[in-house]
Amino acid sequence: MVTRRRSATVRFLVESAVSLVALTGCAKAGMEASGGEASASVAADPAPTSQVDADAAKALREELSRVGPKAFTAADHKPGRVQHIVLFEFKPGTSAKEQAETMRRFRSLKTDAVRHGKPYITSLESGTQTSGEGLGRGMQQGYIVTFASEGDRNYYVGKPIVTDPEFYDPAHESFKNFVQPLLEGAIVFDFGPDRS
């Protein structure tokens, strides 16, 4: 029963993120508008695809500048559950083996992503696209990574916001370098406690 409820919750969150992206135009439309170079901007240093994305990135950069990277990535920085949703669309020709390896490597971050010798991801759920709503925007894999604080999320995400390697996770950076050449597009959507 718990597994069914959890699967339904994961499906709902991923479908909601995709639907929200479809409604706000934060997905491929922005990449296509920039000349169709979606794959070039996926993981290296993605340009914001909407004003919402640009505003979020600006706010994080300003906060990082104000408090410094040590505080910004500290485990106790802005405690409260943060959900990090990631959706992938693979380039045409990406093999089933490469897609399976992507999922295996992403799932392994649950234990491989560590700080001070301990894992800091509180949960990691994943799956492939199963929605019939027609709003998937070509995304093929989805992940929900949960953190106990914004600081943990900031440490995990690292680039393009945190650029000092002392303050971001090398395991996640390595994964991004592995997956980037395989991706046609990606969507990342984070949310946490409402602090307004």
Side-chain angles (χ1 to χ4, degrees), residues 2-15 17-18 38-39 41-46 69 72-77 79-131 136 138-192:
V2 171
T3 303
R4 272 193 231 151
R5 224 178 294 139
R6 178 173 286 224
S7 294
T9 300
V10 169
R11 228 178 359 265
F12 169 78
L13 288 171
V14 170
E15 289 171 5
V18 171
S39 61
S41 66
V42 170
D45 190 6
F72 186 73
T73 60
D76 62 354
H77 180 67
R81 186 173 85 162
V82 176
Q83 305 271 211
H84 177 74
I85 298 173
V86 179
L87 305 173
F88 289 153
E89 175 187 9
F90 292 97
K91 287 181 179 176
T94 303
S95 71
K97 185 177 179 179
E98 289 170 316
Q99 292 181 36
E101 179 63 8
T102 297
M103 189 166 284
R104 186 197 70 74
R105 287 187 187 205
F106 201 123
R107 287 175 175 166
S108 74
L109 289 172
K110 173 76 167 88
T111 54
D112 294 348
V114 297
R115 63 172 13 180
H116 311 299
K118 296 181 182 178
Y120 61 93
I121 294 173
T122 60
S123 71
L124 193 157
E125 299 179 61
S126 61
T128 57
Q129 162 62 302
T130 62
S131 174
M139 298 297 139
Q140 296 162 279
Q141 290 182 358
Y143 302 87
I144 301 174
V145 186
T146 305
F147 303 99
S149 69
E150 287 187 32
D152 281 344
R153 186 273 318 266
N154 297 341
Y155 178 76
Y156 173 82
V157 171
K159 294 178 186 176
I161 303 297
V162 178
T163 57
D164 183 337
E166 184 179 346
F167 298 105
Y168 64 75
D169 191 316
H172 183 234
E173 187 64 24
S174 176
F175 172 77
K176 290 190 292 186
N177 291 333
F178 160 78
V179 77
Q180 190 270 334
L182 304 175
L183 297 180
E184 182 71 22
I187 296 171
V188 178
F189 185 93
D190 294 358
F191 65 94

Sidechain-backbone polar pair: T73 side chain, N154 backbone, donor-acceptor under 3.5 Å: no
T146: what forms a side-chain contact (heavy atoms from CB on, under 4.5 Å) with it, not counting sequence neighbours? R81, Q83, T122, S123, I144
Could you check whether any side-chain heavy atom of L183 comes within less than 4.5 Å of a side-chain heavy atom of K91, counting everything from C-beta outward? no
Between H84 and Y156, how do the two ring planes meet: parallel, tilted or perpendicular, split at 30° and 60°? perpendicular
Excluding sequence neighbours, so at least two apart, what forms ring-ring contact (aromatic ring centres under 6.0 Å, His included) with F175? F106
Contact list for residues 110-124, test salt bridge (Lys or Arg N to Asp or Glu O under 4.0 Å), sequence neighbours left out: R115-D152
Does F88 form a side-chain contact (heavy atoms from CB on, under 4.5 Å) with I187? I'd like the steps, not just the answer. CA-CA 7 Å; F88 289 153; I187 296 171; over 6 Å; no
Within a strict 4.5 Å, meaning less than it, do heavy atoms of the M103 and T128 side chains meet? yes
Considering non-hydrogen atoms only, spot the tightest contact between I121 and A113 and give its length. CD1-CB, 3.9 Å
Might you point out which heavy atoms bring Y168 and V162 nearest each other, and give the distance in Å? CD2-O, 3.4 Å
Would you please test I85 and F191 for side-chain contact (heavy atoms from CB on, under 4.5 Å) and show each step? CA-CA 8 Å; I85 298 173; F191 65 94; 3.8 Å; yes
To check you understand the geometry: which heavy-atom pair defines the closest contact between L124 and Y143, and what is its length? CD2-CD2, 4.4 Å
Can you list the residues that meet the ring-ring contact (aromatic ring centres under 6.0 Å, His included) rule with Y155, with sequence neighbours excluded? Y120
Tell me, which pairs form a salt bridge (Lys or Arg N to Asp or Glu O under 4.0 Å) where one or both residues lie in residues 164-174, sequence neighbours left out? K159-E173, E173-K176
Might you work through the side-chain contact (heavy atoms from CB on, under 4.5 Å) test for Q129 and Q141, ending with a clear yes or no? CA-CA 6 Å; Q129 162 62 302; Q141 290 182 358; over 6 Å; no
Side-chain heavy-atom pair V86, F189 within 4.5 angstrom cut-off: no
H77 vs S149, test: side-chain contact (heavy atoms from CB on, under 4.5 Å). Steps then yes/no. CA-CA 6 Å; H77 180 67; S149 69; 5.5 Å; no
Return each pair, listed once, that meets salt bridge (Lys or Arg N to Asp or Glu O under 4.0 Å) where at least one residue sits in residues 96-106; pairs must be two or more places apart or across chains. E101-R104, E101-R105
List in chain and number order the residues that pass side chain to side chain donor-acceptor pair (under 3.5 Å) with Q140, two or more places apart in sequence or in another chain; answer none if no residue qualifies. none
Distance from D190 atom CG to F147 atom CZ, nearest 0.5 Å? 8.0 Å
